[in-house]
Amino acid sequence: DAPAKPACPDLQGQRILVVEDHPLTLGALQRELAACHASVETAASAADALRICRQARATGASYSLALIDLSLSGVSGLDLIQNLRREPAFAQLPIVLLINLGTVLPEGALTALGINCVVNKPLRREQVIASIERALPLTQATPPPPAGRIEERNAVLIVDDSLVNVHVLRRMSERLG
């Protein structure tokens with residue numbers, strides 16, 4: 001028997017913003033969060049994220065959490081977070097920062113910017129779920145979506161913004177069975 005996927009946190013009623021400039025990573029995060037019943041909005045750049053946040057604020061809507069990639073094109077994820085923190089409506093927004101493995105952040109940046117959690121890429125489902133559970137006060141969990149044919153085996157979700165890393169990880173997992 002294949003090991004069970006970790007339970008999805010019940011994200012019903014949670015509005016989550018995902019800011020990621022790599023379409024495959026963005027799509028994978030959106031699917032995982034939607035499978036946990038979250039309302040997911042996406043942005044491919046810092047400028048899009050700021051625009052979406054300001055539109056939400058203008059309509060009285062708010063976000064429960066933001067997942068933000070550090071390595072956005074143009075403006076970095078840290079700059080985006082700094083801009084969000086300047087606006088009172090987003091000063092306390094829980095943030096999960098997505099970083100490339102081995103990235104060194106400026107000392108004190110996480111605390112100074114109020115970043116709740118950091119998840120290393122390539123992303124692993126259980127790490128993303130654990131970071132969401134740490135960042136949000138969730139009490140209920142729903143079972144994961146029903147396993148499909150592929151998930152009945154030991155399945156691996158490979159998400160990375162580097163096609164070379166994806167290829168290498170895919171080949172390694174194929175060799176390991």
Kindly give the heavy-atom pair with the smallest separation between Ser64 and Gly13, and that separation in Å. OG-O, 4.4 Å
Does Ile132 belong to the same Ile/Leu/Val/Met/Phe/Trp/Tyr cluster as Leu29, with side-chain heavy atoms less than 4.5 Å apart forming each link? yes
CG of Leu98 to SG of Cys117: how many Å apart, nearest 0.5 Å? 10.5 Å
Please tell me whether Val19 and Ile16 are part of a single hydrophobic cluster in this structure, the criterion being side-chain heavy atoms less than 4.5 Å apart. no
Short side-chain donor-acceptor distance under 3.5 Å, Tyr63 and Gln14: no
Is there a path from Leu65 to Val119 through hydrophobic residues (I, L, V, M, F, W, Y) whose side chains come within less than 4.5 Å of each other? yes
Distance col, row Leu123:CG vs Ile99:CD1, nearest 0.5 angstrom, shows 10.5 Å
Rounded distance [0.5 Å steps], CG in Leu17 versus CD1 in Ile68: 6.5 Å
Option among Leu50, Asp48, Leu70 that satisfies the side chain to side chain contact (heavy atoms under 4.5 Å, CB included) test with Leu80: Leu50
Give, for atom CD1 of Ile52 and atom OG1 of Thr42, the distance between the pair rounded to the nearest 0.5 Å. 6.5 Å
For residues 17-28, which residue pairs pass the side-chain hydrogen bond (donor to acceptor under 3.5 Å, both in side chains) check, not counting sequence neighbours? Glu20-Lys121, Asp21-Ser73
Atom pair SG (Cys36) and CD (Glu133), whose distance is rounded to the nearest 0.5 Å: 8.5 Å
Kindly work out whether a path of hydrophobic side-chain contacts (I/L/V/M/F/W/Y, heavy atoms less than 4.5 Å apart) joins Val75 to Leu84. no
What are the two closest non-hydrogen atoms of Ala61 and Arg15, and how far apart are they? CB-NH1, 2.6 Å
Where the side chain of Arg57 meets the backbone of Glu87, is there a donor-acceptor pair that is under 3.5 Å apart? no
Within one Ile-Leu-Val-Met-Phe-Trp-Tyr cluster: Val18 and Leu72, side-chain cutoff 4.5 Å: no
CZ of Arg85 to CD of Gln82, rounded to nearest 0.5 Å, is 11.0 Å
Pairs meeting criterion side-chain hydrogen bond (donor to acceptor under 3.5 Å, both in side chains) with involvement of residues 111-120, two or more places apart: none
Do Arg31 side-chain atoms and Gly27 backbone N/O form a donor-acceptor pair below 3.5 Å? yes
